[in-house]
Amino acid sequence: MNIVEKRDFIHSHLHRANERTINEFYEKLRKEEVLQEKLESRALKSEKNIQLGRVFSREEIEQRISNIGR
């Protein structure tokens, strides 16, 4: 079953779903939405930092990594 068929199936059966199923589906979609918003926010912040020249050199990154856990 491809994605379009799955969406059509879900849509046609949604009115018969019980409250628990609806709540689970809602929570799953909401979590995905929140994650997407966070990822977009991080990407925009990163792009802004790059444009402003707030970046680390390779040496700075290697130094920071070597100090992890010390």
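The structure presented is a predicted model; accordingly, all values stated were derived computationally and were not measured. No hydrogens, no waters, no symmetry mates; every other heavy atom, side chains included, goes into these values.
- In the displayed structure, His13 atom NE2 is contacted under 6.0 Å by more than 12 heavy atoms of other residues, nucleotides or ligands.
- The nearest pair of heavy atoms linking Glu37 to Arg30 is OE2-NH1, 4.4 Å.
- Under the 4.5 Å side-chain heavy-atom criterion for Ile, Leu, Val, Met, Phe, Trp and Tyr, Leu29 and Ile10 are members of the same hydrophobic cluster.
- The CG atom of Leu35 sits 7.5 Å away from the NZ atom of Lys38 when rounded to the nearest 0.5 Å.
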Using side-chain contact (heavy atoms from CB on, under 4.5 Å), reason through Val55 and Ile50 one step at a time and then give a plain yes or no. CA-CA 6 Å; Val55 295; Ile50 291 168; 4.1 Å; yes
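- We find the CG-CG distance between Asn49 and Leu44 to be 11.0 Å, quoted to the nearest 0.5 Å.
- Heavy atoms of other residues, nucleotides or ligands lying less than 6.0 angstrom from CZ of Arg58 number 12 at most.
- Separation of atoms CE (Met1) and CG (Asp8) is listed at 9.5 Å; rounding is to 0.5 Å.
- Taking a cutoff of 4.0 Å between a charged side-chain nitrogen and a carboxylate oxygen, Glu60 and Arg64 do not qualify as a salt bridge.
- When atom types are taken as modelled, the side chain of Thr21 and the backbone of Ala17 share no donor-acceptor pair closer than 3.5 angstrom.
- The main-chain N or O of Glu24 is never found under 3.5 Å from a side-chain atom of Glu27 such that the two would form a donor-acceptor pair.
- Under a cut-off of 6.0 angstrom, the local environment of CD in Gln63 is sparse, with at most 12 non-hydrogen atoms contributed by other residues, nucleotides or ligands.
- Residues satisfying the salt bridge (charged side-chain N to carboxylate O under 4.0 Å, His left out) criterion with Arg7, sequence neighbours excluded, are absent altogether.
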Intermediate values then yes/no, side-chain contact (heavy atoms from CB on, under 4.5 Å), Glu19 and Asn23: CA-CA 6 Å; Glu19 186 175 356; Asn23 288 341; 3.6 Å; yes
Any chance you could lay out the side-chain contact (heavy atoms from CB on, under 4.5 Å) test for Lys48 and Leu52, step after step, and finish with the verdict? CA-CA 6 Å; Lys48 184 177 180 180; Leu52 294 173; 3.9 Å; yes
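- In the model, Glu40 has a side-chain atom that pairs as donor or acceptor with a side-chain atom of Gln36 under 3.5 Å.
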